[in-house]
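See below for the structure under consideration.
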2 protein chains.
Amino acid sequence: MMTRSTRQRRAIRSVFERLNRPLGPQDVLQEVAQEVEGVGIATVYRTINTLYEEGVLVKVDLPGESSRYEVAGKAHHHHFRCQKCEQVFELTGCLNVKSLVPSGFQMTGHDIVIFGQCSACR
Amino acid sequence: MMTRSTRQRRAIRSVFERLNRPLGPQDVLQEVAQEVEGVGIATVYRTINTLYEEGVLVKVDLPGESSRYEVAGKAHHHHFRCQKCEQVFELTGCLNVKSLVPSGFQMTGHDIVIFGQCSACR
DNA sequence: ATAGGTGCAAACAGTTTGCATGTAT
DNA sequence: ATACATGCAAACTGTTTGCACCTAT
């Protein structure tokens, strides 16, 4: 299986690079629709999955929401979700959460999500 | 609108009290099916929603998963999810996450989730 | 020329809703 | 008796898949 460079695929990939924040399939469709017309949602899903399997994108799951994706290779980070515009932003920095792990339990990962209003929405 | 005490409702409510951990509709159905027979999944959903609106239950959303619920009134806490048995456990303690909030952003809440293996699954 | 990609519509899974029937009050 | 609750099946929503057609290689 080798990946071809199609109009749609280039457009989808460039959306992630240009916006540089976690995006869901609908976000991507909406952006892509402005560049390339008649792109189907199925293609967006398929392309995102391919890019994900290739390791170009990583998944960003926030509590209670469907998956978003962002370009891979960033340093470890967490996210802020604006409750008004619903956009997700990248946070820098992390915290040591080990102290919360009960004894006898083994930690393999963690997630921190902060909710609130972004600077544009306050 | 007043809430009646039916067999199904009593059973569903007691499952949350007995198991004392976040449960999804399917978890509840499976438990309830052992006490009361012929309970429909729709009733489970409706009852959970009613209990949620009444404030008896609170929602527990973990990244990438559908909503679970647990009995309300507990102290602020976070969760640990076992990647093997998929159960969710309550953690005690919290961390100060304010330092992660970008300037100009306003924080109204936060979430911390730890993944790994529970003591029974290691 | 041909293996992959695309669009459309159908299929799916999880959740919600309409409706006739059952039941707590 | 009557309003609320239940079970079933149909409707919905977000995601995936099958298939005939299209296109990068």
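Being a predicted model, the structure only gives us computed values, none of them experimental.
Taking atom CG of residue A/N49 and atom C1' of nucleotide D/dG14, one finds them 13 Å apart after rounding to whole Å. In this structure, A/I41 places its CD1 atom 13 Å from P of C/dT6, rounding to the nearest Å. Rounding to whole angstrom units, CD of residue A/E65 and C1' of D/dT15 are separated by 17 Å. Protein atom CG of B/L29 is 13 Å distant from nucleotide atom P of D/dT6, rounded to whole Å. Taking atom CZ of A/R10 as the reference point, atom P of D/dA24 lies 7 Å away to the nearest angstrom. One atom, OH of B/Y52, and another, P of C/dT16, lie 12 Å apart when rounded to the nearest Å. Atom pair B/I12:CD1 and D/dA5:C1' shows a separation of 11 Å (rounding to whole Å applied). A/Y45 places its OH atom 15 Å from the P atom of C/dG7, with the value rounded to the nearest Å.
Side chains of A/T3 and A/E54: a donor on one and an acceptor on the other come within 3.5 Å. Under 3.5 Å, the side chains of A/Q83 and B/T108 contain a donor-acceptor pair of N or O atoms.
OP1 or OP2 of D/dT6 has at least one side-chain nitrogen or oxygen of B/R9 nearer than 4.0 Å. Look at B/R46 and you won't find any side-chain N or O under 4.0 angstrom from OP1 or OP2 of C/dT16.
In this structure, of D/dC19, D/dT25, D/dT6, it is D/dT6 that holds the atom nearest to the side chain of B/Q8. The nucleotide whose nearest atom lies closest to any side-chain atom of B/R4 is, among C/dC19, C/dT6, D/dC4, D/dC4.
Other residues, nucleotides and ligands contribute more than 12 heavy atoms inside 6.0 Å of the CD atom of A/E35.
Two residues, B/A42 and B/T6, neighbour DNA chain C, and the one matched to the more 5' nucleotide by heavy-atom proximity is B/A42. Comparing B/S66 and B/S5 against DNA chain C, the residue whose closest nucleotide sits nearer the 5' end is B/S66.
A/R13 pairs by the side chain to side chain contact (heavy atoms under 4.5 Å, CB included) definition with A/E17, A/L51, A/V56, not counting sequence neighbours.
Between B/R21 and B/V88 the shortest heavy-atom distance is CB-O, 3.6 Å.
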